[in-house]
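Comments concern the structure below.
Because the structure is a prediction, the values reported are computed rather than measured. Because only heavy atoms are used, hydrogens play no part in the values below, and waters and symmetry mates are left out as well, while side chains stay in.
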Amino acid sequence: MRDLALVGTSEDGRYLVARDPASGARFRLRVDGRLAGMIDRVTSAGQRSSGQLEIPMESSLSPRDIQARIRRGESIEQVAEAAGTSVDQIRGFATPVIAEREHMVDQARATSVRRKHVSGTPVALGALVDGALLERSVTPEDVEWDAWRREDGRWTVQLVLPDADSARFCFDHKSRYVLADDETARDLVGDLASEDSLDMAIADAVRSTTDVVESAADREDTEQIIDDHAPVHSLKEARDRRAMEQLSLDDSPSAEPTSQESDDTEESVSRDEHVAVPDTPAPRKKNSRRSVPSWDEIMFGGKRD
């Protein structure tokens, strides 16, 4: 049986990596519950033989809470610090969630991007970003991708460029679409508005505002015309309207009566004189006929009230 030297863990934390000192060959062993239990038993036996007592470090977070925090984007180190325990104890619970986050990155890269200012055949996120990186002389392998779940159930997909700049996308894995979530992301997928479209939008906004003002002015003029030519329902209302018109003309500094206005005034006065006003009926006179006394008045001498 050959002895192997322990190198460490794999990048994803799911394997132990060992090396053969003689040949230099590397081997890996999957970290699972069985291996963890065997290591704990060996460690406990060694400590008992040396007379030392191990005090286990309890975590203040449940395994479900640990995985939920990892799924929301926290690192293993951050969760270990919040739980008050070691990184090794958190790693066993975090490994499957980290694999889930990596899977969501792959799914988002293979999903088409919805772009507001670009029409045509949909293109996958990975193809758009890789093409934009190559145009900027950046190797796609030098970009770090990550994903974490949002409160609304969708996922935020982030890539960090070599210059420490980052871009974020919103990935809906149920509806299968990706949206650029910031300016850098829109730049990478070519979803920026052109200057011509901005000029057209400004022109449309100005045109719509002018139309609203003109329509409002036309509406006010129409309402004024309707008010001036509203039908008259009584003689008093006709006289009041004529008096108001005369006052408005007197207030004007250049108000001079025209022949047409004089004719209208005479016609109005003539019309007022010929309006038939019903006479108030005279009160009816009480009946002066003398009443005949009743039998009680004759017999008892009383008078009627």
Side-chain angles (χ1 to χ4, degrees), residues 11-13 65-79 81-82 94-213:
E11 294 181 357
D12 55 4
D65 294 335
I66 292 173
Q67 293 186 342
R69 295 175 74 117
I70 295 293
R71 189 174 286 108
R72 288 198 299 264
E74 296 186 28
S75 64
I76 297 177
E77 291 76 12
Q78 291 173 337
V79 177
E81 183 179 357
T95 298
V97 182
I98 292 176
E100 180 186 6
R101 288 166 56 174
E102 294 175 353
H103 176 69
M104 285 298 170
V105 170
D106 296 336
Q107 291 291 316
R109 284 178 54 86
T111 304
S112 59
V113 182
R114 291 184 179 180
R115 295 181 288 179
K116 180 180 180 180
H117 302 286
V118 179
S119 59
T121 306
V123 184
L125 173 64
L128 287 173
V129 173
D130 292 347
L133 293 176
L134 291 175
E135 291 179 356
R136 303 178 184 186
S137 302
V138 177
T139 305
E141 288 75 14
D142 295 337
V143 176
E144 297 180 3
W145 290 81
D146 195 5
W148 58 86
R149 189 174 183 180
R150 297 162 35 145
E151 295 294 336
D152 58 2
R154 296 183 293 179
W155 288 75
T156 296
V157 179
Q158 175 181 268
L159 66 150
V160 180
L161 302 174
D163 58 358
D165 195 7
S166 62
R168 291 186 179 183
F169 299 89
C170 176
F171 172 47
D172 193 326
H173 67 288
K174 293 182 179 180
S175 301
R176 306 299 300 174
Y177 68 85
V178 176
L179 295 174
D181 213 12
D182 57 22
E183 196 69 19
T184 305
R186 285 186 285 270
D187 187 19
L188 285 174
V189 298
D191 194 18
L192 296 176
S194 61
E195 295 182 358
D196 294 340
S197 60
L198 291 175
D199 294 340
M200 293 178 62
I202 295 173
D204 293 339
V206 173
R207 188 182 304 111
S208 61
T209 304
T210 304
D211 294 341
V212 169
V213 173

(message) Apply side-chain contact (heavy atoms from CB on, under 4.5 Å) to residues R101 and W155 and explain how you reach the verdict.
(response) CA-CA 9 Å; R101 288 166 56 174; W155 288 75; 4.0 Å; yes
(message) Please give me the minimum heavy-atom distance between A124 and V113, naming the atom from each residue.
(response) C-CG2, 4.3 Å
(message) Does anything in residues 114-131 form a salt bridge (Lys or Arg N to Asp or Glu O under 4.0 Å)? List the pairs, not counting sequence neighbours.
(response) R109-D130
(request) Compare all side-chain heavy atoms of V157 with those of V178 and state whether any distance is below 4.5 angstrom. (result) no
(request) Enumerate the residue pairs fulfilling salt bridge (Lys or Arg N to Asp or Glu O under 4.0 Å) with a member in residues 156-170, sequence neighbours excluded, ordered by first and then second residue. (result) none
(request) State, yes or no, whether a side-chain contact exists between W145 and V160 at a heavy-atom distance under 4.5 Å. (result) no
(message) How long is the straight-line distance from CG of L128 back to OG of S112, given to the nearest 0.5 Å?
(response) 9.5 Å
(message) Applying side-chain contact (heavy atoms from CB on, under 4.5 Å) to L125 and F169, what does each step give before you reach the verdict?
(response) CA-CA 9 Å; L125 173 64; F169 299 89; 3.7 Å; yes
(message) If you define the side chain from C-beta out and look only at heavy atoms, does anything of P140 sit under 4.5 Å from L134?
(response) yes
(request) Considering non-hydrogen atoms only, spot the tightest contact between V143 and L133 and give its length. (result) CG2-CD1, 3.4 Å
(request) Under the side-chain contact (heavy atoms from CB on, under 4.5 Å) rule, what do W148 and Q158 come out as? Steps first, then yes or no, please. (result) CA-CA 9 Å; W148 58 86; Q158 175 181 268; 3.8 Å; yes
(request) Report yes if some heavy atom in the side chain of D146 is under 4.5 Å from a heavy atom in the side chain of T156; otherwise report no. (result) no
(message) Could you report the tightest heavy-atom contact between H173 and G153, atom names first, then the distance?
(response) CE1-O, 3.8 Å
(request) Could you tell me whether the side chain of D187 reaches within less than 4.5 Å of the side chain of L192, counting heavy atoms only? (result) yes
(request) Would you name the heavy atoms of Y177 and R154 that are closest together and state the gap between them? (result) OH-NH1, 3.5 Å
(request) Please report the shortest heavy-atom distance between A180 and V189, naming the atom on each side. (result) CB-CG2, 4.4 Å
(message) Side chains of V138 and P162, heavy atoms from C-beta outward: is any pair under 4.5 Å?
(response) yes
(message) Working to the nearest 0.5 angstrom, can you tell me the gap between R71 CZ and I98 CD1?
(response) 11.5 Å
(request) Quick one: pull up CG in L188 and CG in L161 and give me the separation to the nearest 0.5 Å. (result) 6.0 Å
(message) Side chains of V79 and I70, heavy atoms from C-beta outward: is any pair under 4.5 Å?
(response) yes
(message) Quick test of your reading of the model: are R150 and D181 salt-bridged, counting only N-O distances below 4.0 Å?
(response) yes
(message) Is any side-chain heavy atom of F171 closer than 4.5 Å to one of R176?
(response) yes
(message) What I want to check is whether the side chains of Q78 and R69 have a donor and an acceptor closer together than 3.5 Å.
(response) no
(message) Once side-chain hydrogen bond (donor to acceptor under 3.5 Å, both in side chains) is applied, do any residues pair with Q67, and if so which ones, sequence neighbours excluded?
(response) none
(message) Less than 4.0 angstrom from a charged side-chain N to a carboxylate O is my criterion; do K174 and D172 meet it?
(response) no
